[in-house]
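First the proteins, then the strands, lettered A, B, ... as listed; each starts at 1.
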Amino acid sequence: MTTVRIPAGWPATEERARAVQDELRGRVVLDEPGPPPGTGRVTGVDVAYDDERDLVAAAAVVLDAASLTVVAEATAVGRISFPYVPGLLAFREIPTVLAALEALPGPPGLVVCDGYGLAHPRRFGLASHLGVLTGLPTIGVAKNPFTFAHEDPDAPRGSTSPLLAGTEEVGRALRTRDGVKPVFVSVGHRVSLDNACAHTLALSPDYRLPETTRRADALCRRALREAAQVSRSPAD
DNA sequence: GCGACAG
DNA sequence: ATCTTGTCGC
């Protein structure tokens, strides 16, 4: 586990954070298909918080895309770098997530984020932001819809319906389990929407959420518990 | 102005 | 995200 510090120059206000998004948005690459589903490596990242102790823990879990077995993992802990503001989630999660990714012993391959990419008020959600900063192919898989119109997909697993910003399809509601609430997929960086959905489906053979986010969620919670434990100990 | 709003 | 018991079902 590595310890992170908030980067110098990290935006301190919502206005500055939005300006950063507007500046970086132009670097997103949307015309690459990305790695084929079911091959290579896929990495899930997630973050857990303890606002009381001002602690944040991130995890990165690398899976073999074909077998969905864990091939590597890493965690990082740090101080909370930004409050939760809808539309500015990346500024709360990215420093610690980056540290966890950098702590991995090998390349992450495709990165699956908890949240949105293109399906964002300024088209630059967490997955887009992480992709631009790392250069890695990224997608976003969210558990809840943001403010985009969509219809409920048909009941069978694999059914989709578009997330619409006006007439622009910025993502898809994707049913990963028959009759169960869909997940909300959008493109981050260097991956097509079709491929993002195919990856998400391939990563979710048994549960609503992809194995990547399930594994990363469990690991970052454990890392947070351990970090909180240290902060309670007499040595502190 | 009011409500909604990824994690 | 996080606070939280039991409960229904495979």
Heavy atoms from C-beta onward define the side chain here; which of [options] lies closest to that of [X]?
{"X": "Thr147(A)", "options": "dC5(B), dA1(C), dA6(B)", "result": "dC5(B)"}
{"X": "Ala142(A)", "options": "dT2(C), dG7(B), dC5(B)", "result": "dG7(B)"}
{"X": "Glu93(A)", "options": "dG7(B), dT2(C), dC5(B)", "result": "dG7(B)"}
{"X": "Arg221(A)", "options": "dC5(B), dT2(C), dG7(B)", "result": "dT2(C)"}

What is the distance from [atom1] of [X] to [atom2] of [N], rounded to the nearest Å?
{"X": "Phe82(A)", "N": "dA6(B)", "atom1": "CZ", "atom2": "C1'", "value": "15 Å"}
{"X": "Glu14(A)", "N": "dC5(B)", "atom1": "CD", "atom2": "P", "value": "17 Å"}
{"X": "Leu224(A)", "N": "dT2(C)", "atom1": "CG", "atom2": "C1'", "value": "11 Å"}
{"X": "His150(A)", "N": "dA6(B)", "atom1": "NE2", "atom2": "P", "value": "12 Å"}
{"X": "Asp46(A)", "N": "dA1(C)", "atom1": "CG", "atom2": "C1'", "value": "9 Å"}
{"X": "Leu89(A)", "N": "dT2(C)", "atom1": "CG", "atom2": "P", "value": "12 Å"}
{"X": "Asp50(A)", "N": "dC3(C)", "atom1": "CG", "atom2": "P", "value": "8 Å"}
{"X": "Leu118(A)", "N": "dA6(B)", "atom1": "CG", "atom2": "C1'", "value": "14 Å"}

Within the structure shown, what part of the strands sits under 4.0 Å from [X] by heavy-atom distance: base, sugar-phosphate, or nothing?
{"X": "Ala48(A)", "result": "sugar-phosphate"}
{"X": "Ile80(A)", "result": "nothing"}
{"X": "Gly87(A)", "result": "base"}
{"X": "Pro121(A)", "result": "nothing"}

- Task: With Arg92(A) as the cation and Tyr49(A) as the aromatic partner, state whether NZ or CZ is under 6.0 Å from the six-membered ring centre and within 45° of the axis.
- Result: yes
- Roughly how far apart are Arg175(A) CZ and Asp152(A) CG, rounded to 0.5 Å? 4.5 Å
When you check the phosphate oxygens OP1 and OP2 of [N], does a side-chain N or O of [X] lie under 4.0 Å from one of them?
{"X": "Asn144(A)", "N": "dG7(B)", "answer": "yes"}
{"X": "Lys143(A)", "N": "dG7(B)", "answer": "yes"}
{"X": "Arg92(A)", "N": "dA6(B)", "answer": "no"}
{"X": "Tyr49(A)", "N": "dG7(B)", "answer": "no"}

- State whether the number of non-hydrogen atoms from other residues, nucleotides or ligands found under 6.0 Å of Arg122(A) atom CZ is greater than 12. yes
- Task: Establish, from distance only, whether the side-chain atoms of Glu93(A) and Tyr84(A) form a donor-acceptor pair under 3.5 Å.
- Result: no
- Task: Anything below 3.5 Å on both distances counts as a pair; with that, list the stems of at least three consecutive Watson-Crick or G-U pairs involving DNA chain B.
- Result: none
- Message: Please verify the inter-ring angle class for His120(A) with Phe146(A); under 30° counts as parallel, over 60° as perpendicular, anything in between as tilted.
- Response: perpendicular
- Is Phe184(A) stacked on the base of dA6(B) when the test is centres under 5.5 angstrom and planes under 30 degrees? no
[X]/[Y] ion pair, N-O < 4.0 Å:
{"X": "Arg25(A)", "Y": "Asp22(A)", "result": "yes"}
{"X": "Arg190(A)", "Y": "Asp31(A)", "result": "no"}
{"X": "Arg18(A)", "Y": "Glu14(A)", "result": "yes"}

